[in-house]
Amino acid sequence: MTTAEYNRCVDEFSDRVFRFVLKNIQDEEKAKDVVQDSFEKMWVKVKGISFEKSKSYLFTTAYHTMIDYIRKDRKFEKINEPEKYGDLLYEENSYSDLKEILNEGLKQLSEMQRSVLLLRDYEGYSYKEIGDVTDLNESQVKVYIYRARVFLKNYIGSMETVI
């Protein structure tokens, strides 16, 4: 891939990669770090990547980098975990926005379910492309997406305030 093709790749895919990562980790600064690290890794291997495969390579790299960040954060949280958060002063159980409810439901999915669902429904990837990004076969991708959708349907359907 040439420098011009790399720059074109940045222009075309940076927003999509950022949205995908942000929806998964819900932290804008960490999402920016993941995207930047992904493009850096791509730059290091720019000579060995064809432009036609750049999108797949970039999303695969971003996915794996995101998983590394999540694992590192979990280790950090376990070390620095506070005793309890039992003294909450106010908790609101009513929702007025379906998008907010959906985002809460997405947070409750497993990492894999959330990733494949976002790649399919938000980014429009095919089952095969999702399998390439996540190292799953197409059948596994379909199962994860189906289970995620069933969970979200039940989660949204069970909320009395949505009706």
Side-chain angles (χ1 to χ4, degrees), residues 1-79 97-157:
M1 177 181 340
T2 65
T3 304
E5 290 174 330
Y6 177 83
N7 290 335
R8 187 170 148 211
C9 186
V10 171
D11 292 339
E12 288 183 23
F13 305 124
S14 59
D15 288 340
R16 294 176 75 184
V17 173
F18 177 73
R19 281 194 318 263
F20 167 67
V21 174
L22 182 62
K23 279 287 187 183
N24 274 288
I25 61 177
Q26 302 292 317
D27 185 327
E28 191 170 329
E29 293 303 315
K30 288 179 186 172
K32 288 178 183 177
D33 289 343
V34 169
V35 172
Q36 184 174 357
D37 288 351
S38 300
F39 276 105
E40 179 185 5
K41 289 175 184 178
M42 186 177 196
W43 179 252
V44 169
K45 296 185 178 187
V46 74
K47 298 289 184 205
I49 303 168
S50 68
F51 181 72
E52 295 76 30
K53 303 239 180 202
S54 62
K55 179 181 172 186
S56 176
Y57 179 87
L58 184 59
F59 271 88
T60 302
T61 303
Y63 171 77
H64 290 292
T65 304
M66 177 185 67
I67 295 300
D68 291 343
Y69 269 76
I70 291 170
R71 287 180 181 152
K72 186 169 59 170
D73 280 350
R74 282 194 182 148
K75 287 179 184 177
F76 183 75
E77 285 175 5
K78 286 180 183 177
I79 292 170
D97 188 10
L98 183 57
K99 183 177 179 182
E100 184 179 328
I101 296 168
L102 184 58
N103 285 336
E104 287 300 316
L106 285 171
K107 287 179 187 176
Q108 294 184 24
L109 294 173
S110 71
E111 292 172 23
M112 186 60 70
Q113 287 177 333
R114 183 173 47 248
S115 295
V116 297
L117 185 69
L118 290 173
L119 284 170
R120 179 71 178 169
D121 293 340
Y122 281 83
E123 298 300 328
Y125 278 81
S126 69
Y127 295 120
K128 180 170 180 8
E129 289 173 321
I130 296 169
D132 292 342
V133 168
T134 58
D135 296 326
L136 298 171
N137 65 43
E138 287 184 54
S139 298
Q140 290 171 314
V141 169
K142 290 177 183 178
V143 168
Y144 279 119
I145 290 172
Y146 173 77
R147 289 179 181 166
R149 287 177 178 163
V150 167
F151 172 81
L152 289 175
K153 178 182 174 187
N154 292 333
Y155 180 79
I156 292 171

Any chance you could measure [X], atom [atom1], to [Y], atom [atom2], to the nearest 0.5 Å?
X      : Y      : atom1 : atom2 : result
Tyr127 : Ser139 : OH    : OG    : 11.0 Å
Asp132 : Ser126 : CG    : OG    : 7.5 Å
Lys45  : Glu40  : NZ    : CD    : 12.5 Å
Met42  : Leu58  : CE    : CG    : 5.5 Å
Asn24  : Leu109 : CG    : CG    : 10.0 Å
Gln113 : Ser110 : CD    : OG    : 3.5 Å

Counting C-beta onward and ignoring hydrogens, is there a side-chain heavy-atom pair between [X] and [Y] closer than 4.5 Å?
X      : Y      : value
Tyr155 : Gln108 : yes
Thr134 : Phe59  : no
Met112 : Gln140 : no
Leu118 : Leu106 : yes
Ser54  : Glu5   : no

Where do [X] and [Y] come nearest, in terms of heavy atoms and distance?
X     : Y     : value
Ser14 : Val35 : O-CG1, 4.4 Å
Ala31 : Phe18 : CB-CE1, 3.6 Å
Val34 : Met66 : CG1-N, 3.9 Å

Can you spot which of Trp43, Phe51, Phe13 makes a ring-ring contact (aromatic ring centres under 6.0 Å, His included) with Tyr6?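 Testing each of Trp43, Phe51, Phe13 against Tyr6, the sole residue satisfying ring-ring contact (aromatic ring centres under 6.0 Å, His included) is Trp43.
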Using the test salt bridge (charged side-chain N to carboxylate O under 4.0 Å, His left out), find all partners of [X] that sit at least two apart in sequence or belong to another chain.
X      : answer
Arg16  : Glu123
Glu111 : Arg74
Lys142 : none
Arg8   : Glu12

Any donor-acceptor pair under 3.5 Å from Tyr125 side chain to Val116 backbone: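 Such a contact is absent between Tyr125 side chain and Val116 backbone.
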Result block: side-chain N/O donor-acceptor pairs under 3.5 angstrom for residues 143-152, not counting sequence neighbours:
{"unit_1": "Arg149", "atom_1": "NE", "unit_2": "Asp121", "atom_2": "OD2", "d": "3.3"}
{"unit_1": "Arg149", "atom_1": "NH2", "unit_2": "Asp121", "atom_2": "OD1", "d": "2.5"}
{"unit_1": "Arg149", "atom_1": "NH2", "unit_2": "Asp121", "atom_2": "OD2", "d": "3.4"}

Where at least one partner belongs to residues 55-69, residue pairs that pass side chain to side chain donor-acceptor pair (under 3.5 Å), sequence neighbours excluded: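 Passing the test, one end in residues 55-69: Asp37-Tyr69, Lys41-Thr65, His64-Asp135.
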